[in-house]
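Just so it is clear, the structure is predicted and the values come from calculations on it, not from any experiment. Ligands are counted one by one from 1 in listed order, and the atoms in each one are counted from 1 as well. In this chain, residues are counted from 1 in sequence order.
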Amino acid sequence: MKVRGKFPVTRLRRNRRERWIRDLVAENTLSSSDLILPIFITYGVNKSEPITSMPGVNRFSLDLLEPIIESAVDHGLPAVAIFPEIKPESKTIDAKEAYNPDNIVCEAIRKIKNMNKDIGIICDAALDPFNADGHDGLVLDGKIDNDLTVELLCKQSIVQAEAGCDIIAPSDMMDGRVGAIRAALDEKHYEDVAIMSYAAKFSSNFYGPFRDAIGSKTLLKSDKHTYQLNPANISESIREVGFDIDEGADMLLVKPGLPYLDVLAKIKETYGLPTFSYQVSGEYSMLKAAINNGWLDNDKAIIETLISFKRAGADGIITYLALEAASLIENSH
Ligand code: PBG
């Protein structure tokens with residue numbers, strides 16, 4: 001740095017002195033096209049149920065879905081991600097409701113597609129909403145059976161594709177599932193259905209409120225450490241992603257969000273694929289808890305967390321804040 005007398009000639013503050021110049025030199029921007037809205041759906045009619053551990057987020061029965069989709073379209077969101085709470089009695093240890101072509105996920109997909117809107121639909125491939133023990137995989141003799149689970153995930157992906165799902169998002173972390181799902185989709189001529197692999201999904205405590213939302217928390221007796229990644233590992237996550245890409249993943253997802261920005265940055269830099277981040281339920285709850293206590297400013301905290309994802313290299317963010325953030329972005333212009 002050049003110095004004249006005791007003062008610097010280069011003054012970084014020149015580019016920060018007014019809002020217009022800060023905007024001019026901004027390295028990253030947040031737009032509604034970066035935001036994907038997760039929607040919790042439930043059985044029954046005329047139900048809009050608050051999820052206690054996620055203040056401000058509700059589960060909706062399918063008859064209430066249309067206005068939410070309309071609002072997502074109006075705000076310019078490119079896609080929604082559907083997560084179901086199914087009837088407790090439909091949860092079985094063989095999770096067969098997962099590949100019932102008339103399950104509520106498929107019904108929701110058809111309903112949204114019938115609206116003929118320009119918005120994408122993303123669906124999980126994982127058994128947990130349908131499994132009596134709350135696991136993403138089939139439990140046999142107390143262990144998660146990898147290969148049997150993959151067979152069911154293929155069936156689940158096919159019924160979702162048949163219903164009109166645009167992007168299958170395997171969130172189960174079984175080995176080999178991306179390749180198997182790709183082959184199963186192609187065999188049925190769903191070559192255009194994309195796979196967004198939850199390639200680096202960590203075994204996180206921050207999924208707790210989501211498990212409340214889909215009704216799997218009290219069922220889940222153990223943890224998911226034998227299939228989800230250890231939060232201590234980054235090299236392993238890079239390896240894991242490499243396999244998913246070789247198997248045909250079109251896009252990648254890193255999850256959770258803020259505590260794993262280092263992983264996100266490294267994966268984007270290493271592979272260069274479209275890479276997304278999921279600001280998960282526990283992150284949402286943590287923020288809103290502080291906001292609702294008056295300890296953080298709602299609007300500023302939301303925008304700051306979301307721009308952090310962009311800075312770390314995310315091409316988009318799945319976030320429960322999508323609609324709220326889109327409104328904030330619109331109002332800031
Ligand atoms: C299930 C799944 C989970 C989330 C998305 N898909 C939970 C889990 O793995 O237990 C978490 C999302 C969130 O916490 O918001 N396979």
Side-chain angles (χ1 to χ4, degrees), residues 35-41 51-59 79-86 91 95 97-98 105 121-139 144 146 149-150 152-153 156-157 160 165 167-174 177-178 181 195-231 240 244 252-260 276-289 305-306 309 317-322:
L35 307 172
I36 298 169
L37 176 71
I39 303 175
F40 292 114
I41 55 169
I51 299 153
T52 316
S53 52
M54 299 181 73
V57 177
N58 286 26
R59 298 180 198 95
V80 295
I82 306 289
F83 298 100
E85 181 204 37
I86 72 163
K91 298 188 185 224
E97 184 65 9
V105 175
I121 306 178
I122 304 174
C123 291
D124 253 33
L127 303 180
D128 54 323
F130 311 96
N131 204 342
D133 45 45
H135 274 294
D136 294 20
L138 271 190
V139 182
I144 311 290
N146 192 88
T149 302
V150 172
L152 299 190
L153 296 174
Q156 181 183 26
S157 303
Q160 292 178 163
C165 176
I167 301 179
I168 303 286
S171 74
D172 57 289
M173 293 299 282
M174 297 299 119
R177 88 281 205 220
V178 172
I181 291 172
I195 297 182
M196 177 191 280
S197 175
Y198 283 69
K201 176 167 175 178
F202 290 84
S203 194
S204 171
N205 188 247
F206 289 94
Y207 307 147
F210 173 97
R211 293 176 189 166
D212 288 332
I214 65 161
S216 68
K217 192 174 207 163
T218 47
L219 301 173
L220 191 66
K221 294 291 177 284
S222 54
D223 52 50
K224 300 192 177 182
H225 297 343
T226 70
Y227 44 107
Q228 298 179 345
L229 283 159
N230 179 347
E240 176 80 56
D244 286 13
L252 307 169
L253 189 67
V254 177
K255 181 181 175 197
L258 282 193
Y260 296 85
F276 296 83
S277 182
Y278 196 148
Q279 183 178 43
V280 300
S281 55
E283 297 177 65
Y284 172 89
S285 307
M286 203 161 64
L287 264 176
K288 284 292 181 183
T305 60
L306 294 174
F309 290 103
I317 308 125
I318 303 184
T319 172
Y320 302 96
L321 298 162

>> Checking Ser53 against Asp212: is there a side-chain donor and acceptor pair closer than 3.5 Å?
In response: yes

>> Please tell me whether Asp124 and Tyr198 have a donor and an acceptor in their side chains that are separated by less than 3.5 angstrom.
In response: yes

>> Evaluate Tyr198 for polar contact with ligand 1, using N/O atom pairs at a separation under 3.5 Å.
In response: no

>> Does any N or O of ligand 1 fall below 3.5 Å from an N or O anywhere on Ser281, backbone included?
In response: yes

> Any non-hydrogen atom of Lys255 lying under 4.0 Å from ligand 1?
Replying inline: yes

> Any non-hydrogen atom of Tyr284 lying under 4.0 Å from ligand 1?
Replying inline: no

>> So, applying side-chain contact (heavy atoms from CB on, under 4.5 Å) with Ile36, which one of Ile167, Ile317, Ile318 is it?
In response: Ile318

How far is [atom] from its nearest protein heavy atom, and which residue and atom is that?
{"atom": "atom 9 (O) of ligand 1", "value": "Lys201 NZ, 2.7 Å"}
{"atom": "atom 1 (C) of ligand 1", "value": "Asp128 OD2, 2.8 Å"}
{"atom": "atom 8 (C) of ligand 1", "value": "Lys224 NZ, 3.3 Å"}
{"atom": "atom 12 (C) of ligand 1", "value": "Phe210 CD1, 3.3 Å"}
{"atom": "atom 6 (N) of ligand 1", "value": "Asp124 OD2, 2.9 Å"}

>> Working note: Asp172 + Arg177, criterion salt bridge (Lys or Arg N to Asp or Glu O under 4.0 Å); need CA distance, chi angles, decisive distance, verdict.
In response: CA-CA 9 Å; Asp172 57 289; Arg177 88 281 205 220; 3.1 Å; yes

> Does Tyr207 have Lys201 sitting over its ring (NZ/CZ under 6.0 Å from centre, angle to axis within 45°)?
Replying inline: yes

>> Using a 6.0 Å cut-off, check whether atom CZ of Phe206 has over 12 heavy atoms from anything other than its own residue.
In response: no

